[in-house]
Every structure is written in structure tokens, then in C-alpha cells.
Amino acid sequence: MEIAGSVISLDHYIGGERVSSPSVFQVHSPLKWEEVLAEMSAGDHEISDLAVASASDAFQDWASLGPQERASFLYRLADLIDREVSNIARVECTDMAMRHESLFNRVIPRGARNFRAYADLASAYEGRTWESNGTTNLIQRLPAGPTVVITPWNAPFMLATWKIAPALAAGNTVILKPAEWAPLSSSILADLVDEAGFPPGVFNVVQGIGGEVGSFLTKDPRVRRISFTGSTETARKIGIEAAKNVVPFTAELGGKGALVVLEDADVEQAAATAAGQYDDSGQVCLAATRLIVSDKISEHFLECFHQNVDGHILGDSFDDETTITPLIHPDHLQRVESFIDRALENGDEIIRGGRRLNDQQLFYEPTLVKPASNNSEIVQREVFGPVLTFQTFQDEQEAVKLANSTEYGLSATLFTGSKEKAEIIGSALRAGTVWVNCFLVRDLTAPFGGLGISGLGREGGDYALDFHSDLKTLQIKKADES
Ligand code: NAD
């Protein structure tokens, strides 16, 4: 079927073949919700079984290739992604309405970078060796087995490649289950894997509803790793299935990032970064959604913040000027609305926004809430929409206490003019990633993940390769010197 100028298969990709299902699920574009964009094959128990069998059959041969040989496939795939950036960005923009400018220039090219980074890392790996107790210890990484990768609907292409690349580089075979709200770019990825010449069964895509086919995949005892990105609620369900089969499981989950602005900060820069949290309607796990500002500068901060938000443009995701895009789905819009309804009932004060825009179907106004207390739901729970909270503090101790006061711990952002405070307060903030005087800067070799209910395990660099491997110690007695 042709979608946004690209021919896209609506079927699963299993064992190097397209496989259809009798039942389908509908995909809509947030840009034109009233139309059905596509009807994709919806997986069931049989499809899950077929995909896991295919990944299991392909595993031994793929695992027995050397890391350099596997890397050559990953490099080829990266080159094909580079060739197709424009098509993938167009399709993904249509499918889930993230800004096209951002998809085309940064998010989709990152997919190619993910494969290159892991091809490099896996090829360069040398197991640690040391001597102790009259023996030589050799640490080896063994491929773990068929791996299920489950992804969410925001930035689905980039997030899928970020998880698939280390799995394939480590010698595992993969079954990808993309989110049912944005599955199209995964189908393009299957075509590119095919064109890159990967052996059949090394990479498979199964489409469908999470609670149905996703759940069958995670229950299958032949699966030896589960790599999940999505909500904490779903992670709890998958974690139970992983535990039953004693399968290692990583979970990259939601966040409620703090943006702390100290008295000595560059207020204009901090306010511009804060206003930027509305980009893509705040549907970003790393978004810094709790603004926590020194009371000495809070007035000036709010002035600059409002000026920046006034400059936002709600509009068509394909328009380069647009900063705020529609929300992904009417159910999600309803969810965002219900948070604000409950905030009002709770006595929280809406400083700006707080309404959906009826004339433009899935848009919600950029919203700022002053909570009645730090215990307000709007402070404590992830909204995943264009909603920020505003709180002030008197001293740095209070700032850290507020910043660390939710169950989440994915990321935090700090603005300060002091090098000393950058380290001291930055270290005190409880989050998997803390940015100081910058935001969303990423080094792919650094560990990435959340504390608390924001996640389990780490992605990035060698940390992901370790997760996708069974680490083994080979201990050999040293020959007598005499
Ligand atoms: P979700 O948990 O609803 O769905 C994620 C995936 O899980 C989908 O593919 C879905 O089909 C599947 N799924 C649902 N139920 C399942 C089940 N019982 N068994 C197996 N699979 C199942 O999340 P979402 O709404 O798609 O994504 C938004 C969430 O993802 C937010 O909380 C956001 O913060 C988080 N997120 C985190 C990161 C990160 O890196 N930490 C990145 C992006 C998004």
C-alpha cells in the first residue's frame, strides 16, 4: 500500500517472508484522524509462535558468526537507512505526527548511527583477562538467544533501532513488536533488513495489539531476552512473564523530569529550555516537566518563559515552523484532559492553557500548572502531554528535595552559573541522566536508563551488549613454571 509516498507492506515479516493474518487493526494519522490510514495484519498466538520459532531456528548460525561478520550486516543496514531517511521521516510524521523537521534532521538519522555505533562497539570488544589464584580468568560474552523487542509509539523508528542494534551485534536474533498506534516505520525497517541481506529469521517484525500478540511473545520460554520501552504499567505485566521464564528484562519507562533553576543561572537560557518542553506536545519520556525555580528569580523566569511559549506554533507536523504537534490519539488527548480536570478539582491553579483546541482536532494548549501541593497528582504522575508544573524554592536543599520527590527517576536538568554547584547539586539529583546547562545531549556509549519506576537495567554502550549476552568466566589453571 502507498502511504506518504512510500510503498509499505501491511503484513508481518517472519523468517525473511511477509506473512499476513486474517484479522487486522486500523492505523490513523493524528494529522487526519477521520481517515483510516492503513489496516495492518494483527498478530495472534499462532503468529507469535511462528516468529519465535523462526528467530530460534536462525539463532545458532547468527550467533556463530564473528562480531566483525555480524557488523558488516549492521553497516550495510545503516547505509540503507541513510539512503531512506527522507521516506522514513515522511511516513513516521504521517503515522505519529512528530515534527518532520526533527525526524528528518535528527531522529531518523540517529537510527543509522545506532547500527554503526553497535557494529563498532561489538567488533572492538575484548573480554577482560586477568590472573589470580594461580589461574587465568577470561571473561567471554556469549550470545543469549532470541530476543523480543517491544517499543512505544513516540519516535518508534529511532527507539526500535536503539534496542535492535545491540541485540543483533551481540549475536541475538530479534522479534520486534512495534506499538499499534505507530507501526509503519517498523515495516520499512523490515524491508531494509531484507535488502541488507540478513539471513532469514535473524530479524522479524510482528504487528498487533500489545495485550494480545505482545503478551504471547513475552510468555514464550524460547525467548531469552526481553527489551521493553513503554509505560511503567505495561512493564509490570511484562516483568511478571519474564520472571516466570527467568528471562533478563530491561525496561525504559516514563519520567517526570525536574528542571531546576538556581539563582545564579542564565535565566533566559533556562526559560527557553523550559518552554521547549512543549515541543511535540510534550510526548517525550525525557521531558523536564516539573519547573522548580529559585524564588529570587521566579518572576523574571516566568516572564521569559511566557515570551518563549507565546512564540510556539501549533500546526501541521510537516510545516518546518511548527513546534507543537497534535497528540497521537483521541484516547491520549482524553487522558491529558482528565489530568487537568482532576488538577482543578484538587485546587491546583492553571497559570496558562488548560484546554483542548476544538477547531484543531488533537491539539491541547501548552499548559502550566501551579500545584496546590507537591503531593498533587499533576506533580507526581507522568502526563506525557503539553503540561508542565511550576514550583519555587527558597534554598538549594529544598530544590533537591522537590526534584527528588517523585517515584520516577529518568532524567533531570539543572541550570546554574556555578561550576561547583553543577557538580554538587548535579550529583544530588536522583535520575539516570542529569543534564547541567544543556538538554537532550546524548553520547551513545554512556549508560542510559531510569531509576525508581522509570526503569530497570541500562541501555547504551557496552551496558546494552552485556545485557544481550550471557557473561561467562573461563578459568584456566596456569601451567607450572618449572
Ligand atoms: P505502552 O506501555 O502502552 O506500550 C508500549 C508497548 O508495549 C506497545 O508496543 C504495546 O503494544 C506493548 N504492550 C502493551 N501491553 C502489553 C503486554 N501486556 N504485553 C506485551 N506488550 C504490551 O506505552 P506507550 O503508550 O506506547 O508509550 C508511552 C510510554 O513510554 C510513556 O510512559 C513514555 O514515557 C514511555 N517511554 C519511555 C522511553 C524511555 O526511553 N525511557 C522512551 C519512549 C517512551
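When a ligand or atom number is given, it counts from 1 through the structure's own listing order. When a residue number appears, it is its place in the shown sequence, counting from 1. Note that this is a predicted model, so its numbers are computed, not measured.
When each atom of ligand 1 is checked for a heavy atom of Phe448 under 4.0 Å away, the hits are 40 (O). Of all atoms in ligand 1, listed by their number and element, those nearer than 4.0 Å to a heavy atom of Glu382 are 31 (C), 32 (O), 33 (C), 34 (O). Heavy-atom proximity to Glu180, at under 4.0 Å, picks out these atoms of ligand 1: 10 (C), 11 (O).
Just one residue in the list Asp11, Asp191, Asp194 forms a salt bridge (Lys or Arg N to Asp or Glu O under 4.0 Å) with Arg18, and that residue is Asp191. For the pairing with Asp470, the salt bridge (Lys or Arg N to Asp or Glu O under 4.0 Å) check across Arg224, Arg225, Arg141 returns one residue only, Arg225.
Distances from atom 36 (N) of ligand 1 to the heavy atoms of Cys285, Gly211, Gly449, Ser411 put Cys285 nearest. The residue among Phe216, Phe384, Trp153, Trp181 with a heavy atom at the shortest distance from atom 26 (O) of ligand 1 is Trp153. Evaluated by nearest non-hydrogen atom to atom 19 (N) of ligand 1, the leading choice among Pro156, Gly255, Gly210, Gly432 is Gly210.
Using cut-offs of 30° and 60° for the angle between ring planes, the Trp33 and His329 rings count as perpendicular.
Heavy atoms of Pro178 found under 4.0 angstrom from ligand 1 belong exclusively to the backbone. Residue contacts with ligand 1 for Leu253 involve N, CA, C or O but no side-chain atom from C-beta outward (heavy atoms, distance under 4.0 Å). Within the 4.0 Å heavy-atom criterion, neither part of Glu233 lies near ligand 1.
Backbone and side-chain nitrogen or oxygen atoms of Thr229 are examined, and none is located within less than 3.5 angstrom of a nitrogen or oxygen of ligand 1.
Applying the side-chain hydrogen bond (donor to acceptor under 3.5 Å, both in side chains) criterion to Asp49, with sequence neighbours excluded, gives Arg222. Looking at residues two or more places apart in sequence or on another chain, you find a ring pair (Phe, Tyr, Trp, His ring centres under 6.0 Å) between Phe216 and His45.
In summary, the aromatic rings of Trp62 and Phe73 are positioned with their centroids under 6.0 Å apart.
Looking at atom 15 (N) of ligand 1, its nearest protein heavy atom turns out to be Thr234 CG2, 3.4 Å.
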